[in-house]
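Sequence lines set the chain letters: A, B, ... in the order given, protein chains first and strands last, and positions in each chain run from 1. Just so it is clear, the model here is predicted, and its values are computed rather than measured.
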Protein chains: 2
Amino acid sequence: MLSRRQMEAARGSRPAQTLFTNLKWINVFTGVWETASIAVADGVIVGVGDYAAEKTVDLKGAYVAPGLIDGHVHIESSMLVPHAFARIVLPKGTTSVVADPHEIANVCGKKGIEYMLKDAKLSPLSVFLMIPSCVPATPFETAGARLEAKDIRSLKTKKGILGLGEVMDYPAVLGSEEGMKQKLLAMKDKVIDGHSPGLTGKSLQAYVGSGIQTDHESSLLYDLEERVRLGMYVHLREGSQTRNVRDLLPGITKDNHRRLLFCTDDKHPSDILKEGHINYNVNLALDYGIDFLTAIRMATINVADAYGLKTKGAIAPGRDADFIVFDDLQKIEPTAVYVKGLKVAEQGKVRFYQKSADATSVRDTIRLGELPASLDLKLKSSQVHVIGLIENNVTTTDLLESVKVKNGCFVHDPNVDILKLCVFERHTASGRIGIGLVKGYGLKNGAIAMSIAHDSHNVIAIGSSDQDILKAVETISAMEGGIAVVSNGTVLGKLRLEIAGLMTEEDPYLVREALETLDKAARKLGVSEAIADPFLQIAFLALPVIPDLKLTDYGLFDVKQFRHIEIEANE
Amino acid sequence: MLSRRQMEAARGSRPAQTLFTNLKWINVFTGVWETASIAVADGVIVGVGDYAAEKTVDLKGAYVAPGLIDGHVHIESSMLVPHAFARIVLPKGTTSVVADPHEIANVCGKKGIEYMLKDAKLSPLSVFLMIPSCVPATPFETAGARLEAKDIRSLKTKKGILGLGEVMDYPAVLGSEEGMKQKLLAMKDKVIDGHSPGLTGKSLQAYVGSGIQTDHESSLLYDLEERVRLGMYVHLREGSQTRNVRDLLPGITKDNHRRLLFCTDDKHPSDILKEGHINYNVNLALDYGIDFLTAIRMATINVADAYGLKTKGAIAPGRDADFIVFDDLQKIEPTAVYVKGLKVAEQGKVRFYQKSADATSVRDTIRLGELPASLDLKLKSSQVHVIGLIENNVTTTDLLESVKVKNGCFVHDPNVDILKLCVFERHTASGRIGIGLVKGYGLKNGAIAMSIAHDSHNVIAIGSSDQDILKAVETISAMEGGIAVVSNGTVLGKLRLEIAGLMTEEDPYLVREALETLDKAARKLGVSEAIADPFLQIAFLALPVIPDLKLTDYGLFDVKQFRHIEIEANE
């Protein structure tokens, strides 16, 4: 709603602040390219056409489109706090995101969500939040917090909250479980995001019937088609690991595209810096031959409409003056990005000063308790369940292997690629450690530890020696969280993630550098080149909802049986 | 959100209640005609496809579409209370309406709105309400109530309330007047309906910038195009008087149609019974050559999306089982209409029992005070301002005429078509009567009075003799409101409108009959055949926002000068 001053500017009874002239902008409502000037006052578009203004910006005939919107993202996956994340996505043209702070909520609960809102405000990026619906993700692990329906209701009225975050616990939905029902009811007048990989047929219909409106887990054309047919908004996702856009593009039609959106979900800083952010999704679509209007709508007005963002997604009076300037209609690489009428990025570089929000409430979150001197894995038998890695995949296999046992304990055999995997409970300082075995990682000598371990984010560590594992874990503890690679007692690389053990306030370019150093160190220790990302490969080993065999702080978890099991095969 | 029982039906673990088979339904999300069966449980669609059910309904190959939605209607204009209105629109396929109870609110305030919600619940028609934003319409007349921002806030949370009703007072919007600003702010997270006839250019941009999202006053193609371009939702209206659909159809494109909706605004029972309701708008579009998908979307999902009606507008799980059955793709005349899975109409006839809500709070609203013995119009001069009627138009002209004066008072001259017009204040029994003169109505001998007089709905009367005018007004008072035609002291016809003086609980067919009798009586008294509706023609003469000259209970009002004036021309 325009202020009195803005209304006067809109009516032309006082000059606007800035008039953008000499441009071609796409009208997402009509599909028409327009050449009318854009008048801005106090950050908002007050009108298009002939306006007087205090300042004129000549865009020299460039193309202009509304700022791009990421319809579903976990900012934590960038390992950057919101304002630092903003520094790398804004130059790519993303001016708004619908973020699900699921990771920090699992560590810090409501405080984490409030921190995200607070920190996001310090950058020009508009960050809207969905309240995580599944914290903790399961009862089989120790998380740092618990969000119940009452917490969701209390957060609901905060500015910037759009609805309920991806509802992963579909059995609870389909079974009308009381806790889940209360969460859905609490948000039924808002947007409810889904997460329904592989759900199909009647189960999917029941899921949609529960009031869940979106899904970003379509990987097959059929997934998309089935969901749109039922009225869901479907995000075409292009993240670092999950790259679905190319497979889904053939599903876009003139008649169905208003239910289609773009998102990144989880994307690393190096990939964002290298290929782009939501503009990359758009560019994939353009490259495939999707018409410009359809592609740009999926990144702008469609997201705004789906999430009720009345001041975003279009160039029109009353909407924020967020827009991108570019020269090539086949590949959007913004030459300039404007947010609320101010140029925040130019030629790929940000132009705003980086500030940090007070992060006290989300610091000092690694609470390990006293570490033991060694990490004995006692075995009653040498026939054991081993987690079999699948390269670049979050699912695993449940292998039966014969391992070396000495004095009743597992011993690492340098000739066999089976490593010890440990999950250190880090929220309550209980000292609880889950220990298991992993095959297929390739590491020969040393250890890797990190405080990113979905979804509870305990400290996960893998290694060939107890001492290196413990050294890596200690390194993480000393940094208040992060990633460390250790060999023979020496730290070869580390990245500090001091915010909830998940993110850092550090400069994104330095983070990318640290990640490159870490990657090299991991490769040096022998991690298989077939594994695209040594850290992502272990980040999901503690998530007991993805088949087949996982490890939590309570021990080995058989996802198919949905219960903890003993490691010995004869159990 | 589906209940546990419905979820079980959706999943197929218990039979649905009803399965509709052997049909072709339009999927408004994809544009595809589908043949999958539709499973319903407890009134809601739980799934489409192969389902077991307690009962199967064979639709014999008929076409099926979602129930039609009227995007903007004043139910009061039908002169029927909501549940009676439902009886005539449901057979035409309208299963939901977004209603603005502006008329009853001007008479009864919050009580009137609450009554509309209560009475609507007694029929299968889904009635959603917008809270009227302009009660009273102006400060130049006496209304029965006043709705301030605080009243709007208190009504906002009621079930069925979607937002703020058409914001007619655009000067208050453009001038950022405090009272209006508070109303807009109160509803900024909901839908805000506009009303901006003729508003264009910068004024329109400011109006849109204030957060107003829709408009139903487009009469020219340019109006529609200008509004959609700015992101407004535009209703293509086809009412009894205002018939805009044909003129606007050329403005519909594949690229802009998602911002286009259909509405009736004001439609009389006889027109609804004769030509149809929203199906008539659709049929006009089909006849013009608009493709079926686009036309049906404008009457279903587009309205649902624009107003946030998550359970309406489509055939999909979790949505109410509201749909129409028809045989002809070029002209929708429902052979059956289903609401929440039950057949409510068949071959144009309703199939539900009519109940009435307790109407005590909206009865006995004609409070006239004592009537005078005569209605002297004292004149200091014979040169006077006369309201010049424009046939079938709500605007008037300001005529200067010379009239017959006797003993200082106006006298009706049977050879001159100038009649006395009176507005009797009827809310506070003040006894205040505004008296003016009207040219062009044609009535020769007698009087017509009615308690429908926009927007304050005082009792308006026109006639050739004071005695007939007073007799007509007395007749209305005795009926608790309505319309009466009188000649030489005899009542030739009357229609009782006992609910707020605007509506009746009577059977719609009897109402139509009464209106026909009234029309004949008015014609008999000489009302010009060029006037399509003798009653509508005078219903807007008391509305001091429509140019040029109007009459309120405070006297003659010059709309161009926006102030009351003396009747004598030399003033």
Side-chain angles (χ1 to χ4, degrees), chain A residues 1-4 6-13 27-32 34 39 44-49 51 173-176 181 184-185 188-189 201-211 213 225 228-232 253-256 258-259 293 301 305 308 310 314 316-319, chain B residues 1-4 6-13 27-32 34 44-49 51 173-176 181 184-185 188-189 201-213 225 228-232 253-256 258-259 293 301 305 308 310 314 316-319:
Chain A
M1 186 182 162
L2 300 181
S3 67
R4 175 184 294 272
Q6 289 168 325
M7 285 298 274
E8 288 170 2
R11 285 157 47 206
S13 61
N27 187 315
V28 294
F29 302 116
T30 61
V32 173
E34 305 217 24
V44 176
I45 297 167
V46 294
V48 294
Y51 274 90
V173 174
L174 301 189
S176 300
K181 230 170 96 180
L184 294 171
L185 270 176
K188 86 186 176 77
D189 56 338
K202 289 179 176 149
S203 296
L204 181 64
Q205 304 212 50
Y207 188 76
V208 172
S210 77
Q213 293 153 253
E225 287 169 347
V228 172
R229 176 192 183 221
L230 300 176
M232 291 188 109
T253 72
K254 259 290 180 205
D255 282 337
N256 76 6
R258 67 200 256 195
R259 243 66 192 169
L293 176 65
I301 190 65
D305 279 355
K310 294 181 194 169
R319 305 220 176 209
Chain B
M1 187 181 161
L2 299 180
S3 68
R4 175 184 295 272
Q6 289 168 326
M7 285 296 275
E8 287 169 4
R11 286 158 47 208
S13 62
N27 187 316
V28 293
F29 303 116
T30 62
V32 173
E34 306 217 23
V44 177
I45 297 166
V46 295
V48 294
Y51 275 89
V173 174
L174 300 189
S176 300
K181 231 170 96 181
L184 293 171
L185 270 174
K188 84 187 178 80
D189 56 338
K202 289 179 177 150
S203 296
L204 181 64
Q205 303 212 48
Y207 188 77
V208 172
S210 76
I212 292 167
Q213 292 152 255
E225 287 169 348
V228 173
R229 176 193 182 219
L230 301 176
M232 291 187 109
T253 72
K254 260 291 182 208
D255 282 338
N256 77 5
R258 68 201 255 197
R259 242 69 192 169
L293 175 65
I301 191 67
D305 279 356
K310 294 182 194 169
R319 304 219 178 210

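Neither the backbone nor the side chain of A:Glu8 comes within less than 4.5 Å of any heavy atom of chain B. Neither the backbone nor the side chain of B:Glu225 comes within contact range of chain A; no heavy atom of the residue lies under 4.5 Å from a heavy atom of that chain. For chain A, the nearby part of B:Leu293 is the side chain; its heavy atoms alone come within less than 4.5 Å. The contact between A:Arg259 and chain B is made entirely by side chain atoms (from C-beta outward), counting heavy-atom distances below 4.5 Å. With a 4.5 Å cut-off on non-hydrogen atoms, A:Leu204 does not touch chain B at all. Both the backbone and the side chain of B:Leu185 come within contact range of chain A, judged by heavy atoms closer than 4.5 Å. For A:Val173, the parts sitting under 4.5 Å from any heavy atom of chain B are the backbone and the side chain alike. Both the backbone and the side chain of A:Val48 have a heavy atom closer than 4.5 Å to some heavy atom of chain B.
When side chains are defined from C-beta on, A:Lys202 does not count as touching B:Val46, because their heavy atoms never get closer than 4.5 Å.
The CZ atom of A:Arg258 lies 6.0 Å from the CZ atom of B:Arg258; values are rounded to the nearest 0.5 Å. The OG atom of A:Ser176 lies 9.5 Å from the CD atom of B:Gln6; values are rounded to the nearest 0.5 Å.
Here the shortest heavy-atom pairing between A:Arg229 and B:Phe29 reads O-CD1, 3.6 Å. B:Pro317 and A:Leu230 get closest at one heavy-atom pair: CD-CD2, 3.7 Å. Of all non-hydrogen atoms in B:Met7 and A:Ser210, the two that sit nearest each other are CE-CB, 4.1 Å.
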Chi angles and distances behind the side chain to side chain contact (heavy atoms under 4.5 Å, CB included) call for A:Asp255, B:Lys254: CA-CA 9 Å; A:Asp255 282 337; B:Lys254 260 291 182 208; 2.9 Å; yes

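When atom types are taken as modelled, the side chain of A:Arg11 and the backbone of B:Leu174 share a donor-acceptor pair closer than 3.5 angstrom.
B:Lys310 and A:Asp189 are not joined by a salt bridge, as no carboxylate oxygen comes within less than 4.0 angstrom of a charged side-chain nitrogen.
By number of non-hydrogen pairs under 4.5 angstrom with chain B, the leading residue of A:Gly175, A:Gly201, A:Ala314, A:Gly211 is A:Gly175. Put simply, of B:Ala10, B:Gly209, B:Gly318, B:Ala9, the one with the most heavy-atom pairs under 4.5 Å next to chain A is B:Gly209. Comparing A:Gly31, A:Ser203, A:Gly231 by how many heavy-atom pairs each has under 4.5 Å with chain B, the most go to A:Gly231.
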